[in-house]
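The next block holds one structure in the form of structure tokens; read it before the comments.
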2 protein chains.
Amino acid sequence: MPDSDNKTVSAPRTKDRDGTEALLISAATAVLAETGFQGLGINTVARRAGCDKQLIYRYFGGLDGLIEALGTRLSTDLADALPPVGEPAASYADLMQRLASGLIAVLRCDALLQRIIVWELAAPSPLVAKLNAARSRALTTWMAAQRGDLAPPTGVDAPAMNAIIIAAVQHLVVSAQAKGVFAGLALESDADWDRLETAIGHMIQLVYGSR
Amino acid sequence: MPDSDNKTVSAPRTKDRDGTEALLISAATAVLAETGFQGLGINTVARRAGCDKQLIYRYFGGLDGLIEALGTRLSTDLADALPPVGEPAASYADLMQRLASGLIAVLRCDALLQRIIVWELAAPSPLVAKLNAARSRALTTWMAAQRGDLAPPTGVDAPAMNAIIIAAVQHLVVSAQAKGVFAGLALESDADWDRLETAIGHMIQLVYGSR
DNA sequence: ATCGCATATCACCGGTCGGTGACATTTGGC
DNA sequence: GCCAAATGTCACCGACCGGTGATATGCGAT
């Protein structure tokens, strides 16, 4: 019988709970990054991890618990992956420009973050809010580290302006992944993004520039 | 038996194909606006319309055809609902500021448009692209009518800048509907939005203003 | 009045979903 | 060696999904 080894061939069947948990979290992360929250179901994740869905219930109490665990691991992973702080920015305008470029770079090459962003837009829930909070927290502390003690110039509603900038960046990145174009602008090549970064930088200099 | 009238109570059972088609389109629109593309299924729409799902297949060839019909009706409805053009803007900056405010006003009170926007972000497909094209076309022609013959000042990458503005507006509106807050900024009351409009206007004046 | 046909409804199919109980297998303490 | 607990696997359930055939029902032309 050729399938007599189907017990041992299916790889690390060793009874290692921690390993299995990590495997499940990785599987959920992969599924989410690849197919979005739509395909994120108990059966899909278990199939992807190569083990039974029952383990998701046993170890995480269900899919929600698994997502939550994914969130905590995400925040640590993301904190490690972000580029370290360089030399301090010369001005608040330079700082914001650098942050905008950094945000674009990080978001553009991380499908998982993009999926989480649209997930909360499409199907908001306390669970996704937690997940998004983990993402947001990591990015915020990273930004705060870059900021140092620079303060925005007076006469500008900095929170509103920064919200606008971040919103634009997030929407453009997500739109690029979804349709590759936005408002008639191509968002495929790096050159397209350089053009956008230039425009954003221009805008930031005008708003926050010393004048 | 109290349910003896469940045959007649389901209202206009008259054999009117056009009426039924309109009923189905309205039902699909309502479902989409209320629960997003997630809940937009054959069974849900038919249940909402109060008739059998078979009719969706017969009249529209399936859910896709119904969505397409929804799209064509959307473009005409939207074109009629948009506010008429007022007196021409004094400058390109004023024009863009007015367009941004108008876009915010339109999007903020139209759940359907918001759902369509996130739909394409979450589950892009040729079908949704068509739907979105209908929406985009109506808004674009409306904007073009407002523009008249004003041209953006030289030295500014107007397409990129406008894409940034529109992206920011769309993302903020959709985020407001989903979570009521963005980047620490409350997006609930009209006052919150006035603040944002002021910031956007300020930015536009700096970028496009005569100086 | 009746016949034909478009319209509307019902019943049913296969498939997938989330969820759960029962069973098999390995590990570790005694 | 043995037993209990932890780990892993399988089978099954009810509910919902999209999709389709068969059947009722009413309108309009003749």
Side-chain angles (χ1 to χ4, degrees), chain A residues 3-28 31-32 34-70 119 122-123 125 127-128, chain B residues 3-28 31-32 35-70 119 123 125 127-128:
Chain A
D3 55 345
S4 63
D5 54 345
N6 58 0
K7 289 262 185 55
T8 64
V9 80
S10 56
R13 239 9 175 314
T14 74
K15 298 208 163 193
D16 169 21
R17 168 158 179 169
D18 293 349
T20 306
E21 288 186 1
L23 198 73
L24 283 169
I25 295 181
S26 296
V31 170
L32 181 54
E34 290 168 13
T35 69
F37 69 99
Q38 319 259 357
L40 196 62
I42 286 275
N43 298 290
T44 309
V45 172
R47 226 177 292 132
R48 175 63 169 261
C51 58
D52 200 273
K53 58 180 172 182
Q54 178 79 16
L55 302 182
I56 296 177
Y57 290 103
R58 265 216 267 279
Y59 295 157
F60 300 95
L63 190 60
D64 291 9
L66 178 54
I67 306 293
E68 224 161 325
L70 192 161
W119 189 1
S125 73
L127 177 63
V128 195
Chain B
D3 54 346
S4 64
D5 54 344
N6 58 0
K7 288 261 185 54
T8 65
V9 82
S10 56
R13 236 13 171 316
T14 75
K15 300 207 162 193
D16 170 21
R17 168 158 178 170
D18 293 350
T20 307
E21 288 186 0
L23 198 72
L24 282 170
I25 295 181
S26 296
V31 170
L32 180 54
T35 68
F37 69 100
Q38 319 259 358
L40 196 63
I42 286 276
N43 298 290
T44 308
V45 172
R47 226 177 292 131
R48 174 62 168 262
C51 59
D52 199 272
K53 57 180 172 180
Q54 179 79 14
L55 303 182
I56 297 177
Y57 291 103
R58 264 215 266 284
Y59 296 158
F60 301 95
L63 189 59
D64 290 9
L66 178 54
I67 306 292
E68 226 162 323
L70 192 160
W119 189 1
S125 73
L127 177 63
V128 196

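Treat the numbers as computed from the prediction; the structure is a model and nothing was measured. Reminder, nothing fancy here: chain letters follow the sequence lines and each chain counts from 1.
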Q: Give the rounded distance in Å between these two atoms: CG of Asp16(B) and C1' of dG28(D).
A: 15 Å
(Q) Return the OG1 to CG distance between Thr20(B) and Asp52(B), rounded to the nearest 0.5 Å. (A) 11.5 Å
Q) In whole angstrom, what separates Asp18(A)'s CG from dT7(D)'s C1'? A) 12 Å
Q | Spacing of CD1 belonging to Ile56(A) relative to CD1 belonging to Ile42(A), to within rounding of 0.5 Å | A | 4.5 Å
Q: Look at the side-chain N and O atoms of Thr20(A) and state whether any lies under 4.0 Å from the OP1 or OP2 oxygen of dG8(D).
A: yes
Q) Could a donor-acceptor pair under 3.5 angstrom be found where the side chain of Arg58(B) meets the base of dA8(C)? A) yes
Q: To the nearest 0.5 angstrom, please state how far the CG atom of Leu24(A) sits from the CG atom of Leu63(A).
A: 10.5 Å
Q.
From NZ of Lys15(A) over to C1' of dT7(D), roughly how many Å is that when rounded to an integer?
A. 4 Å
Q.
What does the B/S/- profile of nucleotides 16-21 of chain C look like, 5' to 3', with a 4.0 Å heavy-atom cutoff to protein?
A. -SBBBB
Q: Write down the distance between CG (Leu23(A)) and P (dT9(D)), rounded to a whole number of angstrom.
A: 11 Å
Q. Between Tyr59(B) and dA8(C), does any side-chain N or O lie under 4.0 Å from OP1 or OP2?
A. yes
(Q) What is the distance, to the nearest angstrom, from the CG atom on Leu24(A) to the P atom on dT9(D)? (A) 11 Å
**Q.** Closest approach of Arg48(A) to Glu34(A) (non-hydrogen atoms, all atoms of both residues)
**A.** NH2-OE2, 2.9 Å
Q: May I have the distance from Leu55(B) (atom CG) to dG19(D) (atom C1'), rounded to whole angstrom?
A: 14 Å
(Q) Tell me the interatomic distance from Arg17(A), atom CZ, to dA5(D), atom C1', rounded to whole angstroms. (A) 12 Å
Q | Flag, side chain of Thr44(B) to backbone of Leu40(B), donor-acceptor distance under 3.5 Å | A | no
Q | Results of ring-ring contact (aromatic ring centres under 6.0 Å, His included) for Phe37(A) - residues two or more places apart only | A | Trp119(A)
